[in-house]
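Lettering follows sequence order; numbering is per chain, from 1.
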Amino acid sequence: MMVYLDNNSTTPMDNRVKDIYCKSTELFGNVNVIYQLGIDARRAMNEAYDILYPGIGAADEDDIIITSSTSEGNNTVIKTFIDAFLKGSGKKHIITTVSEHSSIKAPCAYAKTLGMEVTYLYTDENGRIDPIELENAIREDTALISVLFASNESGAIQPIKEISQIARKHNIPFHCDGAQAIGKVKVNVRDLGVDYFTFSAHKFHGPKGVGGLYVREGAPYVNLIHGGNQMGGKRGGSVYLNGMIAMAEALKLANEHLDEMHTRVAKLRDKLEEAILQIPDTKSYVDKKYRLPNTVVASFRGIEGESMLWDLNVNGIYAATGSSCSSERLEGSEVLEALGEDPEIAHTGIIFSLSRFTTEEEIDYVIEKLPGIVERLRAISMTYAKVAPK
Amino acid sequence: MMVYLDNNSTTPMDNRVKDIYCKSTELFGNVNVIYQLGIDARRAMNEAYDILYPGIGAADEDDIIITSSTSEGNNTVIKTFIDAFLKGSGKKHIITTVSEHSSIKAPCAYAKTLGMEVTYLYTDENGRIDPIELENAIREDTALISVLFASNESGAIQPIKEISQIARKHNIPFHCDGAQAIGKVKVNVRDLGVDYFTFSAHKFHGPKGVGGLYVREGAPYVNLIHGGNQMGGKRGGSVYLNGMIAMAEALKLANEHLDEMHTRVAKLRDKLEEAILQIPDTKSYVDKKYRLPNTVVASFRGIEGESMLWDLNVNGIYAATGSSCSSERLEGSEVLEALGEDPEIAHTGIIFSLSRFTTEEEIDYVIEKLPGIVERLRAISMTYAKVAPK
Amino acid sequence: QYSNKVIDRMNNPKYLGEFTEEDAKKRGLKLVVADFGSEACGDAVRLYWLVDPKTDKIVDARFKSFGCGTAIASSDMMTELTIGKTVDEAMKITNLDVEKALRDDPNTPAFPPQKMHCSVMAYDVIIEAAAKYKGKNADELRDNEIVCECARVTRKEIEDIIR
Ligand SMILES: Cc1ncc(COP(=O)(O)O)c(C=O)c1O
Ligand SMILES: Cc1ncc(COP(=O)(O)O)c(C=O)c1O
Ligand code: FES
Ligand code: FES
C-alpha cells in the first residue's frame with residue numbers, strides 16, 4: 001500500500017484536471033494575435049479567468065496575475081516594495097513572521113542587503129502571531145505587512161482578517177501568502193481584506209509550474225518579470241495556458257470539495273491524531289480550531305524525524321519533517337521549537353497532511369503500522385537506552 | 001487546410017514530448033525529500049539534466065536553472081547586474097541591441113529607472129549589429145553585454161562568437177537571449193563563449209511555462225526568485241518537473257532534427273520566398289546566410305500587415321506581423337524600418353516561420369492562395385487607388 | 001471576438017471602391033475625396049463622396065483603406081452610414097456609432113477594445129471630407145465628442161495631451 005500524507009508539500013493532480021491539462025496543450029496559439037488559433041486560446045484564457053476570479057472572491061477590477069508559483073508571487077510583492085524604497089519612498093520596514101516560507105524569508109533577507117529592515121513576529125504555542133504585537137511593530141516607515149495564511153509545517157492558521165483590519169487602519173499594504181489556503185478553507189480575498197494573495201496550483205491538485213498572484217485594485221505593483229504586454233503588462237513571458245486552465249479547474253474542484261475537507265478528511269485526520277496520541281510519549285501541536293483541517297503535527301520522543309520518515313517510507317507511507325526543502329537543510333526542528341517545544345523533542349516532529357484523496361483504508365493502514373515503527377526506532381534510540389555515560 | 005507559419009512565436013508540442021509531459025505528471029513527489037516518490041522525481045530530474053547539459057553544450061560545472069521562460073531568464077540576468085550596481089559595483093552601463101525582445105528591453109528600461117544607462121546598438125539592412133560598433137560602445141563602467149541569438153521577427157542571426165570574443169577581451173559578462181536558437185541551429189554555449197544563455201521550451205515543440213537559464217561557472221548571479229534550495233538555491237519555487245522533463249525531450253528531438261531543418265525545411269522556406277517574390281511589388285529581407293533557416297520576412301506593398309493576417313487566417317494560414325504582442329501594440333513595422341525599409345512599406349511586413357512539422361503540401365497551399373489574397377487586398381488598398389484627394 | 005458583421009464587411013466590403021470626376025459629372029454631383037492617416041504611420045483611409053450641391057446630401061460613397069480588418073470593416077460601415085445624410089448630419093457620426101452599427105447584438109462589442117482606435121479613423125475622415133466640401137479647415141469642425149468609451153476620453157483631451 002502507498003499512502004501519501006505530504007499534501008502540504010505538493011499534491012497529485014486530480015484526473016479531471018489532468019485531462020484538461022493535457023488536452024489544452026492543443027491551444028498553443030499566441031493569445032495576443034488576431035488569428036483563429038490565438039482567438040481560441042484567448043477565449044480559453046478568459047474562461048479560466050472567469051473561474052479564477054469568483055473562485056477566490058476577487059472583484060473584476062482587481063488583477064490576478066498568472067505566475068509560475070507562490071514563490072514567484074511572494075517575490076513580486078516583496079520586490080515591489082524594495083523598488084519603492086530604492087526610489088525614495090522612505091518606507092524601509094517590512095513586518096512578517098517567523099513561520100513564513102523561504103519564499104518570503106529569502107526576499108526579505110535580500111531586502112536587507114539593500115538597506116531595508118525586517119521585523120519577524122514570533123508565534124505562540126498555537127503557531128499564531130499576536131495581532132497586538134503586530135500593531136505594536138508598525139512604524140512610520142513600514143512599507144508592507146506579509147503574513148502567511150497558514151503554515152505548511154504547523155498547519156496553524158493566522159488571524160488574517162484581524163491583521164488586514166490593522167493594516168488598513170494604518171494604511172499599510174498587506175500581503176498574504178495563501179499557498180496553504182485553497183482547498184482547505186473557503187478563500188475570499190475581498191472578505192479577508194488583503195491587498196495581495198499568492199497561491200500555487202500544485203498545492204490543490206493542479207499542475208506544477210503555475211500559480212496566481214492576486215493584486216487588489218490600486219495596490220502598488222512592480223513587475224518581477226518585465227516584458228511585453230502579457231498579463232496586462234504585469235508579467236512578461238508567454239502564458240503557460242494549459243497550466244492556467246488546469247489551475248482554474250483545480251480551483252473549482254477544490255472549492256467544490258471544501259465540505260468534504262471539513263467533514264470526511266478532517267475526521268480522518270482526527271482519527272490519525274488520536275491513534276498517534278495513543279502511543280506513549282507522543283504529542284500533537286496546535287489547537288484544532290486554529291489548524292488546517294488536513295494536518296497533524298506530532299512528535300515521537302526519542303525518534304529523530306528523518307529516521308521516522310525512513311521507516312514510514314519503507315512501509316509506503318509518505319510524510320514530512322518540515323518544509324519541503326528541510327530534508328536537505330535540517331530545519332524541520334524549527335517548527336516545533338517555534339511552537340515552544342524543547343529542543344530534544346523538536347527534532348522528533350512529523351507532519352502528516354491529508355487530502356481529499358486520502359481514504360479511511362489508508363489512514364487505518366498508517367494507524368496499524370505506526371506502533372511497530374515507533375517501537376523499532378525507539379529500540380534504536382539513545383533516549384530510551386537504559387545505560388548512560390557516568 | 002490549416003497551415004501554421006508562426007513558429008517563431010510558439011510551436012505545437014511534439015506528440016512524443018506531449019506523451020512524456022503528461023505521463024510525468026505522476027512524478028509529483030517533492031524532489032527534495034528522502035522518500036521513494038521524491039527519489040523517483042529526483043532521478044527523473046537528473047535524467048533531464050543529463051539531456052539538457054550536453055544538449056546545449058554546457059559543462060558540468062556550469063548551471064542550468066530551470067525557469068518559467070526566456071523572459072524570466074532574461075530578467076534574472078539583467079537584474080543580477082542591477083543588484084551589483086545598487087551595491088556599488090560602479091558598473092552602470094548595459095550594451096544591448098534595438099532588435100531585442102521586450103523581455104530584454106523592458107528590464108533594461110527598468111534598470112534606467114534605478115540610474116543605469118543602456119546603449120542600444122543599431123542593426124544594418126541584414127538586421128545585424130556591427131561588432132566594431134559594439135566594441136566602441138564599451139565603457140569603463142559597462143556591466144553587461146546582452147545580444148539576442150536571432151530575432152523572431154527579422155530572423156537575423158547575430159555574430160555571437162565575435163561578440164563573445166570582444167566581451168571576453170574586455171572582461172565583460174555576455175548574455176545571449178537564445179529563444180530563437182534551439183531547433184534552428186546547433187547550440188553549444190561553450191563554443192559560443194557566452195556567460196548566460198536563455199531559452200523557452202515552447203519555441204522548440206516543448207511545453208509552455210518552462211525554460212532554461214544557462215549560467216557559466218563563476219558568472220555573477222543573483223536570484224530573481226529568492227526562496228528555498230531548489231535549483232541549488234538559485235531559484236525558489238517548486239520545480240515544474242514534468243515541464244522540465246518534457247523540455248529535455250524536446251531539446252533532444254530538436255537537435256536530432258537539425259539536419260532536416262537545414263535541408264527540407266529550409267528548402268520549403270526558399271520555395272515560399274521565391275513564390276512571394278513572383279508577386280509584383282513584394283520584397284524579402286535579410287540575406288539568407290544571416291537568416292534563420294525557417295524564416296521569411298516579406299513586404300507586400302499597399303497591404304497593411306494586419307489585414308494580410310486577416311485574409312491569411314480566413315484561408316487557414318497563420319503568420320505574424322511582428323513580435324507576438326504586435327497585434328496589440330502596432331509595432332510590427334519597426335522590424336522592417338530597422339532593416340532600412342521606407343515607412344510606407346514597413347507596415348506591410350509579414351513573417352512566415354516554418355517548423356519541422358511544415359509540409360510541402362502546406363507550402364504549396366500557401367503559394368496557391370497568396371496571389372488571390374494580395375489581389376483582393378490591393379483592390380481595397382489606397383495605395384493602388386486611381387483617384388487621390390486634391 | 002469579432003462580430004459577424006465585422007467579419008462580413010472585412011471579407012466583402014460593400015462600399016469598397018472609388019469615384020472619379022467623370023462619375024460625378026455624369027450624375028451632376030460634386031466629388032469629394034479625403035484622406036485621413038498615412039501609410040507611413042500604418043493606418044490610413046480614403047473616403048469618396050458624391051454630394052448633391054443643392055441639398056448637401058451625400059448621394060453615394062466609397063472608400064479605400066490601408067489598415068487592419070477592423071479598420072476596413074469600420075470604414076465600410078462608416079461609408080454606408082454617411083450615404084443619404086447631409087454633410088452636416090454625417091459629421092455627427094462618431095466611431096462609436098460605427099462600432100455600434102457593427103454589433104451583432106446591442107450588448108456585445110463588435111471588436112476587442114484594443115481595436116477601438118482602428119475605428120477612430122472612420123470618424124476623422126468624415127470631418128476631413130466635410131471640411132473639403134465646405135472649404136474649411138478640418139480642425140475647426142472637430143468638437144469634443146468621446147472617442148474612447150472605455151476611458152471616457154474626448155478628442156479634445158487627446159489633442160491637448162499630444163500637444
Ligand atoms: C506557505 C507556503 N508558501 C509558499 C510555498 C511555496 O510554494 P511554491 O513552491 O509553489 O512556490 C509553500 C510550499 O511549500 C508554502 O507552504
Ligand atoms: C528572441 C526572443 N526572446 C524572448 C522571447 C520570449 O520568450 P518567452 O515568452 O517564452 O519568455 C521570444 C519569444 O517571442 C523571443 O523570440
Ligand atoms: S488600423 Fe491599425 S491595427 Fe487596426
Ligand atoms: S480603449 Fe475602449 S474605446 Fe478606447
Open item on the list: Using a strict threshold of under 4.0 Å (side-chain N to carboxylate O), is an ion pair present between C:E39 and B:R301?
Closed with: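 Not counted as a salt bridge, because no side-chain N and carboxylate O are separated by less than 4.0 Å.
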
Task: Heavy-atom contact with chain C under 4.5 Å, split by part of B:I345 - done: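 Answer is neither: B:I345 stays 4.5 Å or more from chain C.
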
Task: Leading residue by heavy atom contact count with chain B [cutoff under 4.5 Å; candidates C:T20, C:L47, C:D35] - done: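 When all of C:T20, C:L47, C:D35 are compared, C:D35 has the most.
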
Which portion of [X] sits near chain B, non-hydrogen atoms under 4.5 angstrom:
| X | value |
| --- | --- |
| C:V32 | neither |
| C:E21 | side chain |
| C:N12 | backbone |
| C:A44 | both |

Rounded to the nearest 0.5 Å, what separation is found between the [atom1] atom of [X] and the [atom2] atom of [Y]?
| X | Y | atom1 | atom2 | value |
| --- | --- | --- | --- | --- |
| B:K386 | C:E18 | NZ | CD | 5.0 Å |
| B:E306 | C:T70 | CD | OG1 | 8.0 Å |
| C:S65 | B:I303 | OG | CD1 | 11.5 Å |
| B:D311 | C:M10 | CG | CE | 4.5 Å |
| B:I380 | C:F63 | CD1 | CZ | 6.0 Å |

Open item on the list: Please evaluate residues C:F66 and B:Y384 with respect to the criterion side-chain contact (heavy atoms from CB on, under 4.5 Å), reporting the C-alpha separation (whole Å), side-chain torsions for both, the decisive distance (0.1 Å), and the verdict.
Closed with: CA-CA 10 Å; C:F66 182 86; B:Y384 286 84; over 6 Å; no

Open item on the list: Could you check whether any side-chain heavy atom of B:M382 comes within less than 4.5 Å of a side-chain heavy atom of C:S38, counting everything from C-beta outward?
Closed with: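 No - every pair of side-chain heavy atoms lies 4.5 Å or more apart.
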
Is the backbone of [Y] close enough, under 3.5 Å, to the side chain of [X] for a donor and an acceptor to pair up by distance?
| X | Y | value |
| --- | --- | --- |
| B:K390 | C:V33 | no |
| C:Y48 | B:V387 | yes |
| C:R46 | B:T383 | no |
| B:E344 | C:A40 | no |

Open item on the list: Are more than 12 heavy atoms, taken from residues, nucleotides or ligands other than C:K57, located less than 6.0 Å from that residue's NZ atom?
Closed with: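 No, because the 6.0 Å sphere around NZ of C:K57 holds 12 heavy atoms or fewer from other groups.
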
Open item on the list: Does B:Y122 have more than 12 heavy atoms from other residues, nucleotides or ligands lying within 6.0 Å of its OH?
Closed with: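 Counting other residues, nucleotides and ligands, OH of B:Y122 stays at 12 neighbours or fewer.
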
- [ ] Evaluate the side-chain contact (heavy atoms from CB on, under 4.5 Å) criterion for residues C:C68 and B:E304: first the C-alpha distance (whole Å), next the side-chain angles of each, then the deciding distance (0.1 Å), finally the verdict.
- [x] CA-CA 6 Å; C:C68 66; B:E304 199 268 339; 3.7 Å; yes

Minimum-distance pair of heavy atoms, taken over all atoms of [X] and [Y]:
| X | Y | answer |
| --- | --- | --- |
| C:I7 | B:W310 | CA-CZ2, 3.8 Å |
| C:L16 | B:A379 | CD1-O, 3.5 Å |
| C:K64 | B:S381 | CD-O, 3.3 Å |

